[in-house]
Amino acid sequence: CANGVLGWYMVKRGLEKKDEDDRSVVRVSQYRLASHFITAVTLYCGMFWTAMQLWLPHTVFNNKSRSGSAKELADRFLPVLRIRNLKLLSLIYLTAFSGSFVAGLDAGLVYNEF
């Protein structure tokens, strides 16, 4: 609901007329665009997390179900894998967030100038 309200506010403010001559161009604040995008990505990640918790059994991630060398490997490598995955997801999140600022400023339209 909050993302829908934020999207409505973003578009509503972008459709206001600044000048009589500039009616054909819709201006959206890059801050509103970024907040709307990050809210949508966060909502999607939350839904994906919930779906994975419901879909996968808890025994897949439970070390008690393993025995022998599999338990030793899991105890040694799973924490490292989780930390690396968290770092990678944070980098992806930051890249997407900075990309929404580029889209809001129309900076991507000048890429042929270089």
Side-chain angles (χ1 to χ4, degrees):
C1 182
N3 195 25
V5 170
L6 190 58
W8 173 81
Y9 175 70
M10 176 187 67
V11 172
K12 175 77 171 140
R13 296 290 295 186
L15 291 177
E16 291 179 351
K17 288 191 239 178
K18 306 292 187 227
D19 294 330
E20 286 295 321
D21 299 332
D22 197 24
R23 283 185 280 171
S24 62
V25 178
V26 176
R27 299 286 180 197
V28 175
S29 169
Q30 69 269 20
Y31 301 112
R32 290 187 198 109
L33 182 66
S35 61
H36 178 63
F37 180 69
I38 291 302
T39 306
V41 169
T42 304
L43 181 65
Y44 178 75
C45 289
M47 289 188 308
F48 185 74
W49 182 274
T50 303
M52 288 295 108
Q53 284 183 335
L54 294 174
W55 187 49
L56 292 175
H58 292 285
T59 58
V60 172
F61 301 108
N62 192 356
N63 286 341
K64 295 176 185 174
S65 64
R66 297 183 182 96
S67 63
S69 62
K71 183 173 178 12
E72 292 172 9
L73 284 173
D75 288 341
R76 196 165 69 191
F77 291 117
L78 275 180
V80 174
L81 184 63
R82 286 180 181 149
I83 289 171
R84 286 183 182 174
N85 282 340
L86 184 61
K87 288 180 182 179
L88 179 64
L89 288 175
S90 298
L91 185 63
I92 292 170
Y93 200 73
L94 181 66
T95 304
F97 185 63
S98 63
S100 62
F101 283 112
V102 171
L105 292 172
D106 292 333
L109 297 177
V110 295
Y111 73 94
N112 286 332
E113 301 289 325
F114 292 107

Novice: Can you tell me how far OG of S35 sits from CE of M10, rounded to the nearest 0.5 angstrom?
Specialist: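 If we round to the nearest 0.5 Å, M10:CE and S35:OG are 8.0 Å apart.
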Novice: Is there side-chain contact between T39 and L43, with heavy atoms separated by less than 4.5 Å?
Specialist: no
Novice: Could you give the distance from CZ (F37) to CG (N3), rounded to the nearest 0.5 Å?
Specialist: 10.5 Å
Novice: If you draw a 6.0 Å radius around OH in Y93, do more than 12 non-hydrogen atoms from other residues or ligands fall strictly inside?
Specialist: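 It does: Y93 OH has more than 12 such atoms within range.
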Novice: Side-chain heavy atoms nearer than 4.5 Å, only ILVMFWY residues, links allowed to pass through others: does that put M47 and V41 together?
Specialist: no
Novice: Nearest 0.5 Å, please: how far is CG in L33 from CG in L6?
Specialist: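 The CG atom of L6 sits 9.5 Å away from the CG atom of L33.
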Novice: How many angstroms lie between CG in L81 and CZ in R84, if you round to the nearest 0.5 Å?
Specialist: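 Here the interatomic distance stands at 8.0 Å.
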Novice: Output the distance between atom CZ (F97) and atom OG1 (T42), rounded to the nearest 0.5 Å.
Specialist: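 Reported value, rounded in 0.5 Å steps: 10.0 Å.
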Novice: Please say yes or no: joined through hydrophobic side-chain contacts below 4.5 Å, possibly via intermediate residues, are Y31 and I38 part of one cluster?
Specialist: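 Per the 4.5 Å side-chain linkage, Y31 and I38 are co-clustered.
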